[in-house]
*Asks:* 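I am attaching a structure below and will ask some questions about it afterwards.
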Amino acid sequence: MNYDIAADIQRLKKEKNAVILAHYYEEGDIQDIADFVGDSFFLAKTGQKVQQKVILLAGVVFMAESVKILNPEKTVLVPDLEASCSLVKGAPYEKYLEWRKQNSDGIAVTYINSSAEVKAISDVIITSSNAEQIIDSIPRDRKILFGPDQHLGRWLSKKLNRKMELWPGACEVHVLFNARKLHELKSEHPDALVIAHPECDEAVLNYADVIGSTSRLLEEVKNNPHKKFIVATEAGIFHQMKKERPEAILIQAPVLDSGCACNNCPYMKMNSMEKIKAALEKLEPQVQMSEILRKQARVSLDRMMDITSGKPVTWPTEFHV
Ligand code: 13P
Ligand code: SF4
């Protein structure tokens with residue numbers, strides 16, 4: 001008889017009063033045992049709604065940190081504490097702080113793909129599904145510092161007609177999609193709709209018919225009557241897209257080196273069913289941070305939650321450490 005690890009995980013969830021939240025970039029088996037699957041904004045919001053005492057976040061560590069910052073009373077588990085993100089790595093606290101100090105009159109709008117330390121010196125957090133609403137709520141005469149993803153920032157700046165200082169970070173997965181090869185692929189499939197995540201570079205985004213967060217791209221596949229889609233984002237999302245539209249033809253956007261599995265996020269893919277089971281058994285590894293850091297980081301996350309739920313917010317006039 002085959003060993004059923006999914007059944008073990010379901011049993012452990014009940015025993016430990018735990019809930020599993022998973023990102024769309026996880027492997028299909030992980031998405032299937034999760035109680036909730038979604039984009040980074042959805043996961044942060046869901047963390048605030050669930051009743052269970054233990055939250056296991058199958059995604060990357062900054063997502064779990066956001067849940068911990070907002071829900072200090074919960075035990076927040078990750079399958080692997082090494083599951084970082086190239087945007088987090090490319091925005092070290094000391095350098096980000098220096099940038100902020102050099103632009104102390106600016107409002108720091110920071111992508112959720114950042115460390116808790118960087119969130120603590122930011123004014124507001126955004127994700128790709130709420131960035132436009134949040135940036136639109138900032139008075140037009142205020143200077144904006146946007147980081148760490150330069151491609152998302154450039155796209156937002158153009159779309160919203162808003163000048164921004166950009167931090168030079170990038171997602172190591174999305175920058176691999178290649179514009180010239182995408183052009184060739186599009187010519188081979190003129191009937192396909194190109195859908196892309198805004199972490200792709202501008203040359204790739206110029207070919208996209210639809211640009212948006214993972215949940216926005218999934219919604220497009222679900223609701224658009226097109227039969228063929230070229231998808232410029234991480235491969236894990238194909239799992240839900242295929243469930244929604246089993247008859248649709250989904251083509252991964254091309255990278256230069258066609259032999260590699262470069263459209264897989266190496267951090268998201270550090271998680272496995274075995275690590276999830278072990279984390280639930282031992283209630284380890286847990287996301288931990290000092291209470292001072294957590295409270296400081298919470299200010300910018302709370303502003304995101306307030307703006308997206310229609311509450312009025314105030315903006316600091318000057319940055320102080
Ligand atoms: P979403 O918020 O669109 O899910 O994106 C998260 C992410 O890490 C994309 O690379
Ligand atoms: Fe970070 Fe890119 Fe992986 Fe998303 S896909 S978690 S931005 S490295």
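Just the heavy atoms: all of them, side chains too, but no hydrogens, waters or symmetry mates, feed the values below. Read the numbers this way: they start at 1 and go in the same order the structure lists the ligands and their atoms.
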*Asks:* Thinking salt bridges, do Glu291 and Arg294 make one under a 4.0 Å N-O criterion?
*Replies:*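 Looking at Arg294 together with Glu291, the answer is yes, because their closest N to O distance falls below 4.0 Å.
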*Asks:* Which protein N or O atoms sit under 3.5 Å from any N or O of ligand 1? Give each pair with its distance.
*Replies:*
unit_1   : atom_1 : unit_2 : atom_2 : d
ligand 1 : 2 (O)  : Ser40  : N      : 3.3
ligand 1 : 2 (O)  : Ser40  : OG     : 2.4
ligand 1 : 3 (O)  : Ser128 : OG     : 3.1
ligand 1 : 3 (O)  : His197 : NE2    : 2.9
ligand 1 : 3 (O)  : Thr214 : N      : 2.9
ligand 1 : 3 (O)  : Thr214 : OG1    : 3.3
ligand 1 : 4 (O)  : His23  : NE2    : 2.6
ligand 1 : 4 (O)  : Ser40  : N      : 3.4
ligand 1 : 4 (O)  : Thr214 : OG1    : 2.6
ligand 1 : 5 (O)  : His197 : NE2    : 3.3
ligand 1 : 8 (O)  : Asn113 : ND2    : 3.1
ligand 1 : 10 (O) : Glu199 : OE1    : 2.8
ligand 1 : 10 (O) : Glu199 : OE2    : 3.2

*Asks:* Salt bridge check, Glu132 against Arg162: does any charged N sit closer than 4.0 Å to a carboxylate O?
*Replies:*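 Not counted as a salt bridge, because no side-chain N and carboxylate O are separated by less than 4.0 Å.
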*Asks:* Would you please test Lys68 and Glu73 for salt bridge (Lys or Arg N to Asp or Glu O under 4.0 Å) and show each step?
*Replies:* CA-CA 8 Å; Lys68 183 69 185 176; Glu73 73 291 354; over 6 Å; no
*Asks:* Are there over 12 heavy-atom neighbours, none belonging to Lys53, within less than 6.0 Å of that residue's NZ?
*Replies:* no
*Asks:* Please list all pairs passing the salt bridge (Lys or Arg N to Asp or Glu O under 4.0 Å) test where one or both residues lie in residues 103-120, with sequence neighbours left out.
*Replies:* Asp105-Lys143
*Asks:* Determine whether His151 and His174 satisfy the following criterion, side chain to side chain contact (heavy atoms under 4.5 Å, CB included), listing intermediate values before the conclusion.
*Replies:* CA-CA 10 Å; His151 301 293; His174 286 84; over 6 Å; no
*Asks:* Between the side chains of Asp32 and Lys243, is the shortest nitrogen-to-carboxylate-oxygen separation below 4.0 Å, so that they form an ion pair?
*Replies:* yes
*Asks:* Can you list, pair by pair, the side-chain donor-acceptor contacts under 3.5 Å of residues 246-253, counting residues two or more places apart and other chains?
*Replies:*
unit_1 : atom_1 : unit_2 : atom_2 : d
Glu247 : OE2    : Arg245 : NE     : 2.6
Glu247 : OE2    : Arg245 : NH2    : 3.3
Gln252 : NE2    : Val231 : O      : 3.4
Gln252 : NE2    : Thr233 : O      : 2.9

*Asks:* Give me the protein N, O or S atoms that fall under 2.8 Å of atom 3 (Fe) of ligand 2, sorted by chain and residue number.
*Replies:*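 You should have found Cys265 SG.
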*Asks:* Could you tell me which atoms of ligand 2, counted from 1 in the order shown, lie closer than 4.0 angstrom to a heavy atom of Glu199?
*Replies:* 2 (Fe), 7 (S)
*Asks:* Measure from NZ or CZ of Lys45 to the centre of the six-membered ring of Phe41 and say whether it is under 6.0 Å with the direction within 45° of the ring axis.
*Replies:* yes
*Asks:* Going through the distances and angles, do Val210 and Leu193 end up as a side chain to side chain contact (heavy atoms under 4.5 Å, CB included)?
*Replies:* CA-CA 8 Å; Val210 177; Leu193 198 78; 4.2 Å; yes
